[in-house]
Amino acid sequence: MIFYVDKINGVSAGRKVTMLPVAIIERRYKGDKGLRAHEVEHIKQYCVLFVIVGTLGLLLTNAAVALPAAMMSHDLAYTAIGKYRLWCEVKAYKKQIQYGFSIDKAAAILSKHYRLNLTVDEAKKLLQ
């Protein structure tokens, strides 16, 4: 689910909402299909990990433990595990590039804003 808002704090035009399969995008980007595809990709990533962790949690414990664990899994992994964050962002930017977003701009953003210790050239190779 995507919601359009007037302003997002920070440098991004869109972002996934913590612990929910929801993204917000600044209203001025409402027609940007690439940005929307990028954020939808993050929602899909959240949902996949939610199902995996939730299912394992239900098999090993109970719903009171499984549900919060499933809800937190993507955001915790994204924050704590650089390789997971890199994988998530590369997949999302590849979707955005399919809609005409510049690979050079995506590589520059990927190398600068995600604490990934990548050069622009390294990021560009991952996005090709």
Side-chain angles (χ1 to χ4, degrees):
M1 182 177 297
I2 305 282
F3 291 101
Y4 292 92
V5 298
D6 290 332
K7 184 73 176 149
I8 298 174
N9 292 334
V11 296
S12 64
R15 69 175 188 84
K16 193 194 83 54
V17 176
T18 304
M19 292 180 52
L20 295 173
V22 172
I24 56 174
I25 296 175
E26 286 190 2
R27 198 173 316 284
R28 63 189 167 135
Y29 296 101
K30 192 168 186 174
D32 188 330
K33 292 179 182 177
L35 179 57
R36 182 179 176 85
H38 179 113
E39 296 307 330
V40 166
E41 182 61 32
H42 287 315
I43 292 169
K44 288 177 183 177
Q45 294 161 356
Y46 170 90
C47 290
V48 167
L49 210 50
F50 179 93
V51 169
I52 292 168
V53 171
T55 301
L56 289 173
L58 286 173
L59 291 171
L60 299 173
T61 62
N62 58 53
V65 173
L67 182 60
M71 290 176 72
M72 292 186 294
S73 60
H74 169 76
D75 296 314
L76 285 174
Y78 184 95
T79 300
I81 304 168
K83 288 186 180 191
Y84 180 74
R85 185 170 50 259
L86 175 62
W87 177 83
C88 289
E89 290 302 337
V90 166
K91 282 191 60 98
Y93 276 109
K94 282 184 173 183
K95 291 286 184 182
Q96 194 167 358
I97 289 165
Q98 290 175 356
Y99 288 88
F101 194 70
S102 161
I103 191 169
D104 292 320
K105 190 169 184 177
I109 294 168
L110 192 60
S111 68
K112 183 177 180 182
H113 292 290
Y114 294 97
R115 302 179 338 254
L116 295 168
N117 298 318
L118 290 174
T119 66
V120 173
D121 288 337
E122 291 169 332
K124 191 171 180 178
K125 285 179 186 175
L126 292 170
L127 292 168
Q128 293 174 333

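- With a 4.5 Å cut-off on side-chain heavy atoms, K44 and K91 do not count as touching.
- V5 and I2 are assigned to two separate hydrophobic clusters, defined by single-linkage of ILVMFWY side chains at heavy-atom distances under 4.5 Å.
- For the pair K33 (side chain) and A37 (backbone), a donor-acceptor distance under 3.5 Å is absent.
- In this structure, T119 and S111 have side chains that are not in contact, with every pair of non-hydrogen atoms separated by 4.5 Å or more.
- Across all non-hydrogen atoms, the minimal contact from V90 to L127 is O-CD2, 4.0 Å.
- Follow the hydrophobic side-chain contacts under 4.5 Å out from I43 and you never reach V17; the two are in separate clusters.
- A 4.5 Å side-chain heavy-atom check between Y114 and I109 finds at least one atom pair inside the cut-off.
- Under the side-chain hydrogen bond (donor to acceptor under 3.5 Å, both in side chains) criterion, Y99 pairs with no residue at all, not counting sequence neighbours.
- In this structure, CG in D6 is found 11.0 Å from CD1 in I24, a value given to the nearest 0.5 Å.
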Taking distance alone, no hydrogens or angles, what donor-acceptor pairs closer than 3.5 Å link side-chain atoms of residues 7-15 to residues at least two apart or in another chain?
from : atom 1 : to  : atom 2 : distance (Å)
S12  : OG     : G14 : O      : 3.3

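- Residues satisfying the side-chain hydrogen bond (donor to acceptor under 3.5 Å, both in side chains) test with Y84, not counting sequence neighbours, are H74.
- Residues that satisfy the side-chain hydrogen bond (donor to acceptor under 3.5 Å, both in side chains) test with H38, not counting sequence neighbours, are H42, E89, Q96.
- Transitive grouping of hydrophobic side chains (ILVMFWY, heavy atoms separated by less than 4.5 Å) keeps V48 and L86 in distinct clusters.
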* **Stepwise side chain to side chain contact (heavy atoms under 4.5 Å, CB included) test for K16 and Q45** => CA-CA 10 Å; K16 193 194 83 54; Q45 294 161 356; over 6 Å; no
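- Residues L35 and D32 come closest through the heavy atom pair N-OD1, 2.9 Å.
- Legend: residues meeting side-chain hydrogen bond (donor to acceptor under 3.5 Å, both in side chains) with K95, ordered by chain and number and at least two apart, are absent.
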* Run the side chain to side chain contact (heavy atoms under 4.5 Å, CB included) check on M71 and Y46 step by step: do they pass? -> CA-CA 8 Å; M71 290 176 72; Y46 170 90; 3.9 Å; yes
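- Closest approach of E122 to N117, counting heavy atoms only: OE1-O, 4.0 Å.
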Enumerate, atom names and distances included, each donor-acceptor pair closer than 3.5 Å involving a side-chain atom of residues 53-64, sequence neighbours excluded.
from : atom 1 : to  : atom 2 : distance (Å)
T55  : OG1    : V51 : O      : 2.7
T61  : OG1    : G57 : O      : 2.6
N62  : OD1    : A64 : N      : 3.0
N62  : OD1    : V65 : N      : 3.1

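- Contact between Y29 and I25 at its shortest, heavy atoms only, is CB-CG2, 3.8 Å.
- Interatomic distance, F50 CZ to D75 CG, rounded to the nearest 0.5 Å: 12.0 Å.
- Atom OG1 in T18 sits 10.5 Å away from atom OH in Y78 (nearest 0.5 Å).
- Between Y4 and K30, the shortest heavy-atom contact is CE2-CA, 3.5 Å.
- Going from atom CG of L118 over to atom NZ of K124 covers 14.5 Å, rounded to the nearest 0.5 Å.
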